[in-house]
Amino acid sequence: MCGRYSIYESMDHYLKELAPRQLVINGYDLWPVEQYNVAPSTRVQIIRPAGKGLSVDKVKWGWAPFWAKGKRPDPINARVETLMTGKFFNQLWPDGRVLAPANGWFEWVKDSNDPKKKQPYFITLKEQTPMFFAGLAEVHEGLEPDERDGFVIITAASDEGMVDIHDRKPIVLAPEHAREWIDPETSAERAKEIAMGHCRPATDFHWYKVSKAVGSVRNQGPELVEPLAGASDGDE
């Protein structure tokens, strides 16, 4: 998975799809999020369990344990194949499970005629419903952001036609599995099953070419997720 994604609806839009009858214990406004070009180290909304309800928090995309800080940029993704057995994320697994709501993510594909040129694609669900990326996070309560806070998105190997776009994909969960993922009562074994076996299949998605303007983190706006003029829309 490449390092950009998009979340632009209001948080209410995602929460109604995820858990319409569940209490959200902290306040959030009803204005659209409008983060069309989320980049690493950006603070962006995630959803996590809190008490008997859910909490929406703005957290930095990227996390590393204290002993790895400063050695390299904080990772933004965690490979599902190794996160549960390696030591890097054992501080977060399994109790740090969170969701990163989104509308889609971006990938760059090399030009077969010129490897130096890359074309960005936007990948979204065919039915245009909210996405929920499975993630892990460290979040401390407080009025100000804690420097230790951060989150990562869990990725898996791509399947079917999506392999042509990138060999990795974020684990996107359907609402029923997303609810289980952040339920504190869900066992570590069941959470592992969800992560390993319930990512939505490639057939649920479509992707299309978008403007190269997304390559600059300074660019934000709905035009970034619109199909490139003259390009065919779909999953080809």
Side-chain angles (χ1 to χ4, degrees), residues 1-18 28-47 56-62 73 76-77 99-133 135 151-153 155 158 161-173 175 178 200 202-236:
M1 175 189 172
C2 200
R4 301 289 177 83
Y5 72 94
S6 189
I7 169 174
Y8 49 79
E9 306 284 359
S10 70
M11 280 307 303
D12 197 53
H13 175 76
Y14 307 100
L15 291 166
K16 284 181 177 178
E17 182 79 7
L18 174 67
Y28 62 92
D29 61 51
L30 298 179
W31 297 103
V33 175
E34 294 187 323
Q35 288 185 268
Y36 289 91
N37 194 6
V38 179
S41 79
T42 301
R43 291 182 66 238
V44 63
Q45 286 89 339
I46 62 170
I47 302 169
V56 176
D57 300 271
K58 289 191 78 171
V59 179
K60 185 190 76 172
W61 185 20
I76 57 172
N77 299 324
L99 297 169
N103 293 86
W105 77 96
F106 299 94
E107 296 289 2
W108 278 256
V109 178
K110 289 184 179 180
D111 187 322
S112 58
N113 297 317
D114 187 351
K116 294 181 180 179
K117 294 181 179 179
K118 294 183 179 181
Q119 172 61 53
Y121 282 73
F122 188 59
I123 304 171
T124 187
L125 288 167
K126 289 179 177 178
E127 65 266 37
Q128 297 295 299
T129 52
M131 288 185 186
F132 300 101
F133 298 147
F151 77 96
V152 293
I153 292 170
T155 66
S158 293
M162 198 176 285
V163 173
D164 295 334
I165 300 296
H166 199 275
D167 62 349
R168 304 291 298 177
K169 63 180 179 181
I171 291 181
V172 180
L173 301 177
R200 297 187 67 158
T203 51
D204 285 358
F205 300 88
H206 74 150
W207 44 90
Y208 51 84
K209 295 177 182 178
V210 293
S211 169
K212 292 181 180 179
V214 72
S216 172
V217 297
R218 294 188 296 272
N219 294 329
Q220 294 284 344
E223 67 277 3
L224 297 179
V225 300
E226 293 173 358
L228 196 63
S232 60
D233 184 78
D235 55 359
E236 298 296 330

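In this structure, Tyr208 and His206 have perpendicular ring planes: the angle between them is above 60°, well past the 30° mark.
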* Step by step, work out the side-chain contact (heavy atoms from CB on, under 4.5 Å) result for Leu18 and Leu99. => CA-CA 10 Å; Leu18 174 67; Leu99 297 169; 3.7 Å; yes
* Evaluate the side-chain contact (heavy atoms from CB on, under 4.5 Å) criterion for residues Val225 and Thr124: first the C-alpha distance (whole Å), next the side-chain angles of each, then the deciding distance (0.1 Å), finally the verdict. => CA-CA 10 Å; Val225 300; Thr124 187; over 6 Å; no
* **Candidate pair Val172 and Phe133, rule side-chain contact (heavy atoms from CB on, under 4.5 Å), full reasoning** => CA-CA 5 Å; Val172 180; Phe133 298 147; 3.7 Å; yes
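In this structure, Gln119 and Leu228 have side chains that are in contact, with non-hydrogen atoms separated by less than 4.5 Å. Side-chain contact between Leu125 and Arg200 is present, with at least one heavy-atom pair separated by less than 4.5 Å. The closest side-chain heavy-atom distance from Pro101 to Met11 is below 4.5 Å. With a 4.5 Å cut-off on side-chain heavy atoms, Val214 and Trp108 count as touching.
When atom types are taken as modelled, the side chain of Tyr14 and the backbone of Glu9 share a donor-acceptor pair closer than 3.5 angstrom. The main-chain N or O of Lys212 is never found under 3.5 Å from a side-chain atom of Lys118 such that the two would form a donor-acceptor pair. Side chain of Asn219 to main chain of Ala213: a donor-acceptor pair is present (N/O by atom type, distance under 3.5 Å, no hydrogens or angles).
Note that CG of Asn103 is 9.5 Å distant from OG1 of Thr129, once rounded to the nearest 0.5 Å. Between the OH atom of Tyr121 and the NZ atom of Lys209 there is a distance of 4.5 Å, given to the nearest 0.5 Å.
Shown are Phe205, Trp61, Tyr5; of these, the ring-ring contact (aromatic ring centres under 6.0 Å, His included) with Trp105 is made only by Phe205.
Of all the heavy atoms in Asp204 and Glu127, the pair that sits closest is O-OE1, 4.0 Å. Nearest heavy-atom pair, Gly3 versus Pro40, reported as atom, atom and distance to 0.1 Å: O-CD, 3.1 Å. Considering all non-hydrogen atoms of both residues, Pro120 and Ser211 come closest at CG-O, 3.5 Å. Heavy-atom minimum distance, Pro175 versus Phe132: CG-CE1, 4.3 Å. Here the shortest heavy-atom pairing between Ile153 and Pro170 reads CG2-CB, 3.9 Å.
For residues 36-46, every residue pair satisfying the side-chain hydrogen bond (donor to acceptor under 3.5 Å, both in side chains) rule, not counting sequence neighbours, is listed here: Arg4-Asn37.
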